[in-house]
Amino acid sequence: MPKRSRLDQITADLTDAQREAVCYGEGPLLVLAGAGSGKTRVITRRIAYLLGCGVAPDRIIAVTFTNKAADEMRRRVEALVGKDVYVSTFHSFCARLLRREIGRLGRDASFTIYDRADSLRVVRRVVREMELDPATYSPRALLDFIGLRKDRVEGPRECRQRALGIEEQTWADVYQRYEEQLASNNALDFDDLLLRTLEVFRESPGALQHYQDAYLHVLVDEYQDTNLPQHLIARALQGKHRNITAVGDPDQTIYTWRGARLENLMEFEQDFPGAHVVTLKRNYRSSANILRAASACISHNVFRRPKELHTERDEGEPIVVAQFADSFAEGRWVAEMVQELMQDRVAPREIAVFYRTKNQSLPLEDAFASLDLPHQVVDSVGFFERRQVKDLRSYLQLLINPRDDVACLRVINTPPRGIGARTVEKLQAAAVQRGTSLLEAMRDAEQIEALGPRAARAARGFYELHARLSALRARSAKKLLSRAIELTGYLERQPADEREDAEELLDMFMDYAGQYDKRSPEGGLMGFLEQSALVSDVDGWNDQAGAVPFMTLHSAKGLEFDAVFIVGVERGMLPHQRAMQEHVHDTDRAALEEERRLFYVGMTRARHRLFISHARKRTLRGRQEQAEPSPFLEELPAEGVERLGASGRAAASFGREMDYVLKQKKLSLRILDGGANRLAAGARVSHPVYGEGTILETMRMGSRHVVRVDFAAHGPMVLVLAAADVGRA
DNA sequence: GGGGTACCCTTTTTT
DNA sequence: AGGGTACCCC
Ligand SMILES: Nc1ncnc2c1ncn2[C@@H]1O[C@H](COP(=O)(O)OP(=O)(O)OP(=O)(O)O)[C@@H](O)[C@H]1O
């Protein structure tokens with residue numbers, strides 16, 4: 001194929017503004033654009049275009065927010081030009097780089113990656129060792145503090161220098177000792193992946209130069225949610241060729257709590273002098289009703305440059321805002337509406353349900369299960385945090401990095417093998433004294449005087465178990481996992497009431513390992529552990545599975561669906577109570593605005609249908625709490641928004657009535673006393689189950705028609721009309 | 001000294 | 001619901 005026409009093909013279905021960005025030549029480029037305007041499309045096409053222009057695939061690096069988004073982009077580029085480029089997240093890229101380069105910092109390449117729970121264990125230990133009162137020095141708060149320092153690229157020494165007063169000095173000391181512990185465990189936390197990469201660049205000009213030479217083009221998606229270290233890494237990488245493409249939308253910053261820095265985007269032109277800026281103003285995703293509502297809502301953010309986003313699309317169906325008595329009624333309604341959509345030929349994978357917090361999935365799961373609707377809770381991070389999965393991961397982690405005392409302590413007596421708290425203490429003391437890891441101390445258990453013969457034998461036994469597993473280290477991840485389960489007797493030793501659970505979880509874990517083995521036969525155990533440490537929630541979501549995904553609003557970023565449900569849109573939930581106390585925000589207002597952006601991100605995921613709901617009662621920490629509608633709901637326009645169950649009492653009964661209808665499914669109504677031949681208010685009807693009644697009102701709930709009927713024997717009920725009845729309504 | 005149990009609290013979002 | 005801590009029994 002002649003080159004010209006292939007390039008034309010890549011840019012054919014783009015707007016002028018999009019094409020300008022895709023085909024932009026050398027130098028920094030910023031695409032500043034609203035939701036659904038084609039930012040991700042521009043990045044993907046630009047990669048394809050560069051490849052089409054003859055840039056070698058290995059001279060391009062693209063960075064996305066999740067591994068799933070990275071795979072998706074790689075696949076799209078491959079489909080466009082048949083070439084394989086490197087697309088990754090910042091964290092995965094850094095982990096890969098550090099496996100090669102961390103020796104330059106005097107550290108070992110077989111490092112463990114710690115998640116928050118691992119880090120928390122380290123902080124707890126530091127607090128104990130420093131003999132601080134954990135009530136005053138909350139390990140959680142201390143870890144947050146450390147994270148904050150790291151987000152600002154501030155090491156313990158600098159932190160200590162800047163400390164004002166004894167209190168802050170103590171925090172800095174905790175930070176210092178936390179770092180020492182991580183080093184002696186040969187572990188890096190998530191932030192370290194970024195910081196050590198910067199350190200490699202700083203300490204080793206040769207390495208920096210190597211990467212700067214290698215990457216002719218650096219492209220970063222979702223720039224509004226990058227933190228300072230990520231920004232610095234991007235800047236370092238483009239340092240030689242100066243070809244950076246960043247795309248982002250300031251209205252979609254939703255990770256400030258994790259250090260995201262909007263300045264990275266808004267001050268791009270200062271950081272990258274001579275940057276060319278392209279703005280995209282047309283939304284290609286959503287119906288006019290959806291875009292109008294989303295824009296109206298986000299316009300209430302005052303810390304914001306007003307931005308006009310328009311669409312050529314039709315109004316579309318009205319947005320539905322519905323109120324329910326409680327989250328269970330809300331869940332049943334969502335399930336019922338999903339069933340309806342599926343009957344209307346909307347594929348389940350084109351429907352999604354979003355919520356603020358993960359525990360909101362439960363009522364939805366119940367409701368979907370009872371209607372037998374295919375659904376999938378998108379929660380990979382949660383999966384890897386499950387106790388049983390973490391336990392087995394720790395056994396494997398210890399094979400790669402025997403110095404990982406956190407992993408060792410986690411499983412040293414799991415399942416119970418006679419190494420109790422006292423023995424552990426003695427082992428730890430011996431390890432500190434000898435300057436060894438816990439595992440090495442166990443190898444030499446017989447020589448530790450403080451240990452009785454029984455304890456010594458148990459400890460030595462653990463070491464031998466590790467050694468036996470270690471001999472199999474080169475085997476596939478799945479094989480190792482199943483051998484670890486066998487050799488440790490993990491399942492047999494589970495309490496009977498948890499065995500089934502554990503078995504299911506570990507089966508899933510083995511499946512996951514099997515998939516890894518197949519996909520990355522070269523990755524080995526280390527690659528497997530690395531990938532599972534760096535998963536994002538959406539990574540585990542199979543978008544081809546034909547199931548409705550349930551996910552957090554955060555996870556929904558960057559995705560799109562034909563129909564979207566956002567549940568639990570209540571004061572205290574969205575905006576979330578805790579988010580309003582988040583100290584990373586300068587003001588209450590800023591905190592509220594981030595919550596509004598989250599709602600905005602959710603709404604703008606929808607192409608055609610948007611359903612927003614809230615409940616009057618919600619169970620929080622086992623308590624039933626009254627809930628008010630979210631203030632954000634008042635910000636939606638009247639036009640193109642249909643509100644159901646507006647008053648509190650009506651909503652309460654609506655919930656119960658809905659319940660009934662769902663159980664009975666749809667049974668058709670017969671019109672009595674021949675006069676009126678229409679299902680309209682006032683008509684007398686008869687129902688096979690409820691008997692006779694009078695229609696109170698008829699209404700539309702989204703695409704479906706419902707009637708409220710006052711039955712003589714049952715009182716008011718909401719009935720959903722069968723398609724055949726609709727013509728009569 | 002190990003192991004089991006009861007009670008606390010804490011989770012908002014996640015690389 | 002899961003971990004941590006405190007307490008009790010073996
Ligand atoms: N020029 C175009 N022609 C047709 N469809 C387009 C065009 N540009 C974008 N789209 C479609 O619009 C939708 C949104 O595009 P994309 O996901 O790239 O937007 P985005 O700006 O990254 O969105 P967001 O920031 O909201 O995640 C996609 O379905 C995409 O295919």
Side-chain angles (χ1 to χ4, degrees), chain A residues 63-70 88-95 113-117 119-121 124 128 134-135 138-141 144 147 150-151 188-194 222 225-227 229-230 254-260 354-360 362 378-382 384-388 390 410 413-426 450-452 454-455 458 493 495 498 501 530-539 551-557 568 572-582 584 591 594-595 597-598 601-602 620-622:
Chain A
V63 181
T64 58
F65 205 70
T66 65
N67 298 295
K68 186 179 175 67
S88 174
T89 64
F90 273 109
H91 286 86
S92 297
F93 166 74
C94 290
I113 299 169
Y114 277 179
D115 67 11
R116 191 176 159 85
S119 293
L120 204 52
R121 280 164 181 250
R124 275 202 191 96
R128 233 183 348 258
S138 141
R140 261 194 148 66
D144 284 344
K150 291 191 172 189
D151 283 341
L188 301 180
D189 64 23
F190 286 127
D191 294 326
D192 285 341
L193 293 171
L194 309 171
E222 310 275 18
D225 270 327
T226 52
N227 63 18
Q230 291 168 334
I254 54 175
Y255 283 94
T256 306
W257 55 276
R258 214 173 68 186
F354 304 151
Y355 35 71
R356 178 68 232 265
T357 67
K358 284 182 175 177
N359 60 14
Q360 292 173 270
L362 285 160
V378 172
D379 183 19
S380 298
V381 173
F384 286 102
E385 280 170 354
R386 293 300 296 269
R387 198 184 65 242
Q388 297 87 342
K390 281 223 83 175
R410 185 180 179 94
N413 203 31
T414 316
R417 48 172 72 88
I419 309 176
R422 290 288 303 143
T423 304
V424 170
E425 243 169 71
K426 289 174 185 166
L451 246 41
R454 226 160 100 157
R493 305 283 324 263
E498 284 175 32
D501 244 23
E530 180 171 304
Q531 193 189 76
S532 54
L534 297 179
V535 286
S536 34
D537 269 334
V538 292
D539 294 349
M551 66 181 84
T552 63
L553 286 160
H554 283 91
S555 295
K557 182 164 80 156
M573 190 58 99
L574 184 70
H576 199 281
Q577 182 74 44
R578 308 296 297 247
M580 304 307 289
Q581 299 156 0
E582 188 66 75
V584 295
E594 178 140 319
E595 294 293 290
R597 287 192 293 271
L598 201 47
V601 166
L620 279 173
R621 288 186 295 273

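Reminder, nothing fancy here: chain letters follow the sequence lines and each chain counts from 1. None of the values given here were measured: they were computed from a predicted structure.
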Considering every strand and a 4.0 Å limit on heavy-atom distances, what is the contact class for N413(A): base, sugar-phosphate, or nothing?
sugar-phosphate
Using a cut-off of strictly less than 4.0 Å, decide whether T357(A) has a side-chain nitrogen or oxygen near OP1 or OP2 of dT11(B).
no
Presence of donor-acceptor pair under 3.5 Å, side chain of H576(A) and base of dT12(B)
no
What are the two closest non-hydrogen atoms of P416(A) and R493(A), and how far apart are they?
O-NH1, 2.9 Å
Taken in chain and number order and not counting sequence neighbours, the residues that satisfy side chain to side chain contact (heavy atoms under 4.5 Å, CB included) with A455(A) are T423(A), L451(A)
Pairwise 5' ranking along DNA chain B for T423(A) and S555(A), keeping only the more 5' one
T423(A)
Is_stacked (F65(A), dT15(B)) at 5.5 Å, 30 deg:
no
What is the distance, rounded to the nearest whole Å, between atom CG of D501(A) and atom P of dA1(C)?
9 Å
dT10(B) C1' sits how many Å from N359(A) CG, rounded?
12 Å
Does OP1 or OP2 of dT14(B) have a side-chain N or O of T552(A) closer than 4.0 Å?
yes
So, is R124(A) near the phosphate of dG4(C), with a side-chain N or O under 4.0 Å from OP1 or OP2?
yes
Do N67(A) and S92(A) pass the side chain to side chain donor-acceptor pair (under 3.5 Å) test, and can you show the C-alpha distance, the side-chain angles, and the key distance before you say yes or no?
CA-CA 8 Å; N67(A) 298 295; S92(A) 297; 3.1 Å; yes
Please enumerate all residues that pass salt bridge (Lys or Arg N to Asp or Glu O under 4.0 Å) together with D379(A), with sequence neighbours excluded.
K358(A)
Looking at R140(A), does any N or O in its side chain come under 4.0 Å of the phosphate oxygens OP1/OP2 on dT10(B)?
no
So what does R454(A) hit on the nucleic acid, given a heavy-atom distance under 4.0 Å: a base, only sugar-phosphate, or nothing?
nothing
Return no unless some side-chain N or O of R387(A) is found under 4.0 Å from OP1 or OP2 of dG3(C).
yes
Testing dG2(B), dG2(C), dT5(C) for proximity to the side chain of R422(A), the answer is dG2(B)
Sequence-distant partners of R128(A), side chain to side chain contact (heavy atoms under 4.5 Å, CB included), two or more places apart:
R125(A)
A533(A) near the nucleic acid: base, sugar-phosphate alone, or nothing, with a heavy-atom cut-off under 4.0 Å?
nothing
Measure CH2/W257(A) against P/dT12(B) and give the value in whole Å, please.
12 Å
Is there a side-chain polar atom (N or O) of K358(A) under 4.0 Å from OP1 or OP2 of dT14(B)?
yes
All N/O contacts under 3.5 Å from nucleotides 7-9 of chain C to the protein, with atom names and distances to one decimal?
none

Between D379(A) (CG) and dA1(C) (C1'), how many Å, whole number?
13 Å
Within the 4.0 Å heavy-atom criterion, would you say R410(A) contacts the bases, only the backbone, or no part of the nucleic acid?
sugar-phosphate
For A556(A), side chain to side chain contact (heavy atoms under 4.5 Å, CB included) partners two or more places apart
F354(A), M551(A), R605(A)
For A450(A) and V538(A), take the nucleotide of DNA chain B holding the closest heavy atom to each; which residue's nucleotide lies nearer the 5' end?
A450(A)
From the candidates dG4(C), dT12(B), dG4(B), the one with an atom nearest any side-chain atom of R121(A) is dG4(C)
Length of the line joining D537(A):CG and dT11(B):P, which is rounded to integer Å:
18 Å
To the nearest angstrom, the CG-C1' distance between N67(A) and dT15(B) comes to 9 Å
Side chain proximity check, Y255(A) to H554(A), heavy atoms < 4.5 angstrom:
yes
Separation of dT15(B) C1' from F90(A) CZ (nearest whole Å):
12 Å
Under the rule for side chain to side chain contact (heavy atoms under 4.5 Å, CB included), what residues qualify as partners of S532(A), not counting sequence neighbours?
F384(A), R393(A), Y512(A)
Within this structure, what is the CD-to-P distance between E385(A) and dG4(C), rounded to whole angstrom?
13 Å
Rounding to 0.5 Å, atoms CG (N227(A)) and CZ (R258(A)) come to a distance of 8.0 Å
Is there a side-chain contact between R578(A) and the phosphate of dT10(B), meaning an N or O under 4.0 Å from OP1 or OP2?
no
Give a yes/no on whether any side-chain N or O of S536(A) is located under 4.0 angstrom from OP1 or OP2 of dT15(B).
yes
